[in-house]
Every structure is written in structure tokens, then in C-alpha cells.
Peer 1: 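Below is the structure I would like to discuss, written out as C-alpha cells.
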2 protein chains.
Amino acid sequence: MPRDTEDERIYRADCPTRPILDQIGDKWSMMVLAVLVPAPRRFNAIKRQLEGITQRVLTQTLRKLERNGMVRRRVLGGSPPGVEYALTPLGRSLQEPFAVLYDWTLAHIDAIQKHQEAYDREAVAAARDSD
Amino acid sequence: MPRDTEDERIYRADCPTRPILDQIGDKWSMMVLAVLVPAPRRFNAIKRQLEGITQRVLTQTLRKLERNGMVRRRVLGGSPPGVEYALTPLGRSLQEPFAVLYDWTLAHIDAIQKHQEAYDREAVAAARDSD
DNA sequence: CGGTATCCCACATGATACTG
DNA sequence: CAGTATCATGTGGGATACCG
């Protein structure tokens with residue numbers, strides 16, 4: 001959670017940061033950005049690297065990122081023609097906050113899974129007791 | 001996005017960090033944790049502070065946080081009886097990664113909104129051109 | 001190659017009522 | 001006070017087909 005500031009909006013669903021945090025927390029945005037970190041890539045190159053994403057969803061995700069100024073879309077002339085997507089400085093600047101969150105997750109994933117298993121065992125035991 | 005590691009899983013929807021990131025990215029988890037930073041609180045105290053959340057959703061959110069070991073639930077004896085929720089050390093340790101992300105958003109929200117407006121103006125202009 | 005156009009569904013969230 | 005139960009809904013995401 002954000003640090004405990006005087007800013008009361010952080011407690012409200014209409015905090016202006018919500019739409020932005022919602023997008024970068026969606027299913028694919030973070031991974032699309034990750035794919036573009038090493039170098040710009042073409043549409044189908046991104047799609048191949050993100051096994052499981054559909055064309056429709058990749059298009060939607062790229063459009064939202066472009067609209068936010070995090071990705072730049074460039075039509076390539078030449079043969080074969082194509083479209084290239086690249087990180088903007090704004091998009092690249094997201095790398096650090098995401099890395100902090102990702103590293104936190106990696107550091108605590110084992111502890112979290114142990115908690116989950118313990119919680120689930122308890123739930124099973126409670127259900128048994130109530131029989 | 002996570003930094004560019006050798007770990008190929010970061011590109012995959014089945015990366016083991018997904019379920020955790022999905023939860024802490026859900027609509028209310030972050031705000032519930034934020035409310036608990038200054039001090040433990042009772043169910044209805046949390047609910048009052050998060051205007052707009054329903055009882056059902058608050059219960060679900062707290063159960064998931066408890067299951068992950070981020071929040072501890074304590075039944076208070078005495079009169080009136082009640083239930084108190086408190087951050088665990090694990091839950092509190094999320095404060096920093098979240099603050100980094102939140103600060104990034106605050107720092108760039110103006111730039112992002114300008115990009116969005118420019119993008120939307122372009123879309124309107126393109127629609128007009130195609131008439 | 002890089003998309004749109006349709007259709008569909010699961011699931012997160014919400015509204016409301018009831019309870020130990 | 002702290003929930004559960006029930007029902008409703010919007011939308012993010014997926015499947016598939018077609019297009020310039």
C-alpha cells in the first residue's frame with residue numbers, strides 16, 4: 001500500500017491513480033513491457049514471445065500502453081512492411097517500480113505458499129469438526 | 001516489468017508470481033492494507049474508512065489477505081465483542097514496493113493524462129478524416 | 001503481417017436481505 | 001458487530017473468422 005500520507009485520496013476508490021494502476025496491473029501489460037525492454041519488436045514477435053496471448057488482446061494492450069505514452073508504434077516501410085513497437089522513456093521508467101514489486105514477490109513466495117497451505121489445512125479441519 | 005533476467009518464466013502467464021501479483025493488484029487489497037498501516041482495526045472501522053466497499057467484498061478481501069499471511073484476524077473477547085485485523089510483518093513489508101509504485105504514478109500522472117488527451121484528439125481527427 | 005469483427009463466458013464486484 | 005446467502009451485472013479476456 002502507499003505510505004501513510006496525509007493524502008486522504010489513497011483510501012478512496014476514486015483516487016486518480018486508480019485507472020493507471022489498474023492498467024499496469026492487468027493481465028498482460030507488464031509482460032508486454034518486459035518483452036520490449038531489450039529491444040523494439042514487431043507485433044508478431046511480441047505475440048510469439050508471450051505464449052497464450054491472443055491477437056485481439058495483444059492489440060488492446062498495446063493500444064492502451066500507446067495511449068498512456070508508455071509505448072511508441074512505428075509503421076515500417078520497406079518489404080515486408082510491418083509495425084514496430086518500442087518503449088518510450090516513460091515506459092522504461094516503469095522498469096524499476098515493477099522490479100521492486102517482482103523482487104518482493106520472489107523473496108516471499110515460499111512464505112506465502114506455506115501460509116496458504118496452513119490456512120487451507122485449518123479450513124479442512126474446521127469443516128471436519130463441524131460434522 | 002521485472003528486470004530483464006534470465007528467468008524465462010517472467011514472460012509466461014503461468015509464472016508462479018502471477019497469483020500473488022493478481023491479488024495485490026485487485027480492487028481493494030492495497031487499500032485495506034493501507035488502512036491497517038497506522039494501527040489494527042475492527043471490521044466495521046475498516047469498512048467505514050473505505051467508502052464504497054461492500055461487506056461481502058471486504059470479507060473476501062480480508063480472507064485472501066489472511067490466507068496469504070499478510071493480515072492476522074483476532075477475535076476480541078469482552079463487551080462489546082468484535083474482531084480485529086492487524087498487519088503481519090509480511091503484510092507490512094509490502095509497504096515499500098507499493099510506495100515505490102504509487103510514487104511513480106504520482107510523479108507521472110500528469111504526463112500520462114496529457115498523452116491520453118493527445119491520443120484521443122488524434123483518434124477524433126482520424127475519424128473526421130475518414131468521413 | 002497486423003490487424004478487426006463477432007460471439008461468448010467466467011469471474012470479480014456490487015446490491016440487498018438476513019443471521020448468530 | 002461481523003458476518004453469510006442470494007442474485008444481478010459488467011467487463012476483461014478468450015475463440016474464431018475474416019480483411020487490407
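If you're wondering where the values come from, they're calculated on a predicted model, not measured in any experiment. In what follows, chains carry the letters A, B, and so on, assigned in the order in which the sequence lines appear, proteins first and then strands, with residues in each chain numbered from 1. Heavy atoms only: backbone and side chains are in, while hydrogens, waters and symmetry mates are out.
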Peer 1: Would you say D:dT4 has OP1 or OP2 under 4.0 Å from some side-chain N or O of B:R63?
Peer 2: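 Answer yes for this pair, as a side-chain N or O of B:R63 is under 4.0 Å from OP1 or OP2.
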Peer 1: Nearest 0.5 angstrom please: A:T61 OG1 to A:M31 CE, how far?
Peer 2: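 CE of A:M31 is found 9.5 Å from OG1 of A:T61.
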Peer 1: Generate the contact string for nucleotides 10-17 of chain D. Rules: B means base contact, S means sugar-phosphate contact only, - means no protein heavy atom under 4.0 Å.
Peer 2: ---BBB--
Peer 1: Say you draw a straight line from CG of A:L50 to CH2 of A:W28; how long is it, rounded to the nearest 0.5 Å?
Peer 2: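 Rounded to the nearest 0.5 Å, the CG-CH2 separation comes to 6.0 Å.
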Peer 1: Quick one: side-chain hydrogen bond (donor to acceptor under 3.5 Å, both in side chains) partners of A:N44, sequence neighbours excluded?
Peer 2: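 Counting only residues at least two positions away or on another chain, A:N44 forms no side-chain hydrogen bond (donor to acceptor under 3.5 Å, both in side chains).
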Peer 1: When you list every nucleotide of DNA chain C with an atom under 4.0 Å from a heavy atom of chain A, which one comes first 5' to 3', and which comes last?
Peer 2: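 Reading along DNA chain C, I get C:dC1 to C:dT6.
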Peer 1: Identify whether the distance between the nearest side-chain nitrogen and carboxylate oxygen of A:R74 and A:E84 falls below 4.0 Å.
Peer 2: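 The answer is yes: the pair qualifies as a salt bridge.
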Peer 1: Taking only N and O in the side chain of B:R41, is any of them less than 4.0 Å away from OP1 or OP2 of D:dA2?
Peer 2: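 Answer is no, no contact under 4.0 Å.
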Peer 1: Would you say B:Y85 places a side-chain N or O within less than 4.0 Å of OP1 or OP2 belonging to D:dG3?
Peer 2: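 Looking at the OP1 and OP2 atoms of D:dG3, one of them is under 4.0 Å from a side-chain N or O of B:Y85.
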Peer 1: Is B:K27 salt-bridged to A:D22, cutoff N-O under 4.0 Å?
Peer 2: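 Answer for the salt bridge query: no.
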Peer 1: Which pair of non-hydrogen atoms, one from A:R73 and one from A:Y85, has the smallest distance, and what is that distance?
Peer 2: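 For A:R73 versus A:Y85, the nearest heavy atoms are NE-OH, 3.3 Å.
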Peer 1: If I take atom CD1 from residue B:I24 and atom CD1 from residue A:I112, how far apart are they, to the nearest 0.5 angstrom?
Peer 2: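 The CD1 atom of B:I24 sits 7.5 Å away from the CD1 atom of A:I112.
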Peer 1: Can you measure from CZ (B:R63) to CD (B:E66) and round to the nearest 0.5 angstrom?
Peer 2: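 Reported to 0.5 Å precision, the distance equals 6.0 Å.
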Peer 1: Between A:T59 and A:P81, which residue's closest nucleotide on DNA chain C lies nearer the 5′ terminus?
Peer 2: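 The answer here is A:P81.
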